[in-house]
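One-based numbering along the sequence shown.
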Amino acid sequence: MEECISVFDMLKIGVGPSSSHTLGPWRAAERFLNELKEANKLSKVAHIKVDLYGSLSLTGKGHATDYAVMLGLSGQDPEYIPVQNIDSIIQAIKKNHQINLADTMLIPFNPETDIVFNKNFLPFHANGMSFTATTNDGKTIESTFYSIGGGFVVKEERVNAKKKHQIKCAFPFQIQNAAELLEYTIKENKSISEIVYANEISMRTETEVHHELLRIWNTMLECMYIGCHSEGILPGGLNVRRRAFDMHQNLIGLANYNSPQEWLETIRKTEVKFRQILKWVSCFALAVNEVNAALGRVVTAPTNGSAGVIPAVLMYYMVIENHQADEKHIKQFLMVAGEIGSIFKKGSTISAAMGGCQAEIGVSSAMAAGALCEVMGGTPEQVLMAAEIAMEHHLGLTCDPIGGLVQIPCIERNTMGAIKAINAAELALETDAKNAKVPLDKVIDTMWQTAKDMNSKYKETSEGGLAVAVNMADC
């Protein structure tokens, strides 16, 4: 029996730039604070040290991993923190050499010495980190966590325990792979989104599911809106100029609107020739990932580095493909996307530090392709075929961010993933799924084998590929 993975596990609201290197360490810091509270040790803490290992160390500065652990230890929540407050909190810690632990008490903390970047890898996972608290009586409490992609955080002992003890799942339809999902749709005569919905309402009320799905969409919409209306240079030292602003201005002209929803309606009235469609989809994806690179609020889908693909494809459906699209279609799209993402997580990985960018852009493209296919009338077989096509053409994609920043080539890759997703959905819709030669599960298996065979320097370490070919000085 497998662990339940909800749509809301795969689509999380948080802060950029990285789900594995920012959101994961942030959540790990929160969990460490909870461990201290449960042990009644929090009030006795005199000092805390953080050790980052492997990929978290090698690209941690570029991914704001140090910022994330400081914000987590400060008791800030990535889902709700006003993003405009982040810089002032970090600067106060750096200036005063103090941290407001769990937002309850000040203790000495110097980021230069209390956050240690260790280039060696821990054996369990490439993204390892240890927190060590020293209490007033000189005793130490240590805890090690692993950020395994998409904001998911585990402890090694928990994973080992899973091998010995079955974890019970409350879902009425327990799905480990695509074949099982398809079997349920046939047996129950339901669409994929209907199967997913039945699972979700076994854990939450219908009202909660409705509200949370729309909160995710509204966060995506607001993120695209902000990105399309923000200009300037992205932080980090690469001097990357935002492009969504200029592209958006050229597309929308002198139109007037006062909110993200009015903006959406305005776009529906614009010209939709093929070039304009390419530009709009690219603009939406660029906008999200420029916001992500600037430590803005995004939806991890399934990661922050690939957060632009699903919003861009859903927005494409809303403003170009179906002007009558409503909340029902939004929820349907997000549920299918989340389920496909969970199958990839179970069968392979969504961590670039484990599998390269095929695990991020590839998975997000597959999620978006399958979701688009269903809302456009595809059968469950065609939906899974669309996901397979999208991933098949991302196999082997490396993760080689220049300067360890989620900017080059990451931002552009979201545009590629979104366009491929739309193409994959159209191919699947025009194909009799009975003639498909490659099942989705086979592609997921192949992706995992490719991940294991991939040289580690192409797995989010900035030690190979473009990260070596292009220096910070070149930019």
Side-chain angles (χ1 to χ4, degrees), residues 1-15 18-28 30-31 34 72 77-80 125 127 145-155 158-159 162 167-178 180-181 192-193 195-205 208-217 219-220 297-307 309-311 314 330-352 354-355 359-360 363-364 366-368 370-371 387 444:
M1 192 175 293
E2 294 296 326
E3 187 174 10
C4 296
I5 298 181
S6 166
V7 170
F8 305 110
D9 293 322
M10 298 305 303
L11 305 175
K12 304 184 188 77
I13 298 172
V15 172
S18 171
S19 53
S20 59
H21 288 57
T22 315
L23 182 58
W26 195 324
R27 292 300 188 195
E30 289 180 325
R31 284 182 56 178
N34 288 334
D77 189 319
E79 194 167 341
Y80 296 103
H125 192 280
N127 291 334
F145 300 89
Y146 299 91
S147 179
I148 61 172
F152 289 89
V153 177
V154 300
K155 303 192 75 170
R158 178 179 169 229
V159 174
K162 284 173 66 177
I167 296 179
K168 293 184 178 180
C169 178
F171 283 171
F173 302 111
Q174 295 172 31
I175 300 159
Q176 178 64 14
N177 53 47
E180 291 179 359
L181 173 58
I192 289 176
S193 60
I195 293 291
V196 177
Y197 186 69
N199 280 344
E200 292 298 332
I201 61 174
S202 72
M203 298 176 65
R204 298 171 175 85
T205 66
E208 287 172 329
V209 172
H210 171 84
H211 176 266
E212 286 303 302
L213 286 171
L214 292 185
R215 189 164 74 98
I216 286 168
W217 163 242
T219 302
M220 289 178 171
R297 177 157 287 114
V298 299
V299 176
T300 300
T303 67
N304 283 30
S306 61
V309 176
I310 288 171
L314 179 48
I330 293 168
K331 294 188 291 182
Q332 187 180 359
F333 188 104
L334 294 176
M335 285 189 289
V336 174
E339 184 59 39
I340 291 171
S342 75
I343 292 172
F344 273 96
K345 185 180 185 300
K346 292 168 186 172
S348 184
T349 180
I350 57 171
S351 167
M354 290 295 286
E360 297 203 18
V363 173
S364 64
M367 293 166 67
I444 294 174

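- Remark: the backbone N or O of G72 is not paired with any side-chain donor or acceptor of R27 at under 3.5 angstrom.
- Distance check: I5 CD1 to E339 CD gives 9.0 Å after rounding to the nearest 0.5 Å.
- With sequence neighbours left out, S19 forms a side chain to side chain contact (heavy atoms under 4.5 Å, CB included) with T300, T303, N304.
- Looking only at side-chain heavy atoms (C-beta outward), P172 and N199 come within less than 4.5 Å of each other.
- Rounded to the nearest 0.5 angstrom, E360 CD and T349 OG1 are separated by 8.5 Å.
- The closest side-chain heavy-atom distance from V299 to I310 is not below 4.5 Å.
- With sequence neighbours excluded, the residues that form a ring-ring contact (aromatic ring centres under 6.0 Å, His included) with Y146 are F124.
- Although no hydrogens or angles enter the test, the distance criterion places no donor-acceptor pair under 3.5 Å between the side chain of K346 and the main chain of N177.
- Qualifying ring-ring contact (aromatic ring centres under 6.0 Å, His included) partners for F173, counting only residues two or more places apart in sequence or in other chains: Y184.
- The shortest distance between side-chain heavy atoms of F145 and N127 does not fall below 4.5 Å.
- With sequence neighbours left out, the side chain to side chain donor-acceptor pair (under 3.5 Å) criterion links K331 to H210.
- Within the 3.5 Å criterion, the main-chain N or O of S6 finds a donor-acceptor partner in the side chain of D9.
- Residues that satisfy the salt bridge (Lys or Arg N to Asp or Glu O under 4.0 Å) test with R215, not counting sequence neighbours, are E79, E212.
- A distance of 10.5 Å separates CE of M10 from CD1 of I340, quoted to the nearest 0.5 Å.
- Considering only residues two or more places apart in sequence or on other chains, S193 meets the side chain to side chain contact (heavy atoms under 4.5 Å, CB included) condition with S191, Q332, M335, V336, E374.
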